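Positions are given from 1 along the sequence. Everything quoted here is computed from the prediction, not taken from an experiment.
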Amino acid sequence: MLLADGTRLSHADLMARMAALDLPVRLAETDVVLTTWLPDGGCGLLALVGLGVPKGALVVAADGADLAGTTHDFGVTVVTSADGTLERVG
């Protein structure tokens, strides 16, 4: 796979990124993940969606305008961090 920034991403690379994302949170079908990551040509958002969908988690995107309201309205249990990781909040 060729990312928008020109980086080649192998299936093994994507699977490794997905595993690294999942390690601290262990996503489950009851999780709602709030992401503020923008599609930036890298594999972070791609890996998050690739991780969330087969696990049955809901991924909600927000632009940061009303994170508290979004978190409450959707029952968010996991959030994305600026450092590219996931953090369990509920």
Side-chain angles (χ1 to χ4, degrees):
M1 174 184 309
L2 188 62
L3 299 176
D5 65 2
T7 303
R8 287 211 176 271
L9 182 69
S10 71
H11 181 260
D13 293 336
L14 180 58
M15 296 301 290
R17 178 67 175 130
M18 290 166 53
L21 280 175
D22 197 31
L23 190 61
V25 294
R26 299 292 182 209
L27 283 183
E29 64 185 23
T30 56
D31 282 319
V32 177
V33 182
L34 174 62
T35 181
T36 56
W37 293 343
L38 297 174
D40 62 358
C43 77
L45 191 56
L46 177 64
L48 176 59
V49 172
L51 172 64
V53 169
K55 292 200 176 246
L58 175 65
V59 178
V60 178
D63 66 2
D66 183 20
L67 292 182
T70 304
T71 300
H72 179 265
D73 292 347
F74 287 94
V76 171
T77 57
V78 175
V79 295
T80 57
S81 299
D83 66 357
T85 60
L86 300 180
E87 177 183 343
R88 185 163 293 285
V89 293

Rounding to 0.5 Å, atoms CG (Leu46) and CG (Leu9) come to a distance of 7.0 Å
Contacts of Thr85 meeting side chain to side chain contact (heavy atoms under 4.5 Å, CB included) (sequence neighbours excluded), chain-then-number -> Ser81, Asp83
Taking every heavy atom of Arg26 against every heavy atom of Arg88, the minimum-distance pair comes out as O-NH2, 3.5 Å
Side chain to side chain contact (heavy atoms under 4.5 Å, CB included) filter on Ala28, not counting sequence neighbours, yields Thr30, Asp31
Taking the side chain as C-beta and beyond, is there a heavy-atom pair between Leu34 and Val78 under 4.5 Å? no
Could you list the donor-acceptor pairs under 3.5 angstrom formed between side-chain atoms of residues 49-61 and any protein atom two or more places apart in sequence or on another chain?
{"unit_1": "Lys55", "atom_1": "NZ", "unit_2": "Asp22", "atom_2": "OD2", "d": "3.0"}

Report the C-alpha distance between Thr80 and Leu86 in whole Å, list the side-chain angles of each, state the deciding distance to 0.1 Å, and finish with yes or no for side chain to side chain contact (heavy atoms under 4.5 Å, CB included).
CA-CA 5 Å; Thr80 57; Leu86 300 180; 3.7 Å; yes
In short, side-chain hydrogen bond (donor to acceptor under 3.5 Å, both in side chains) pairs touching residues 11-20 with sequence neighbours left out are Ser10-Asp13
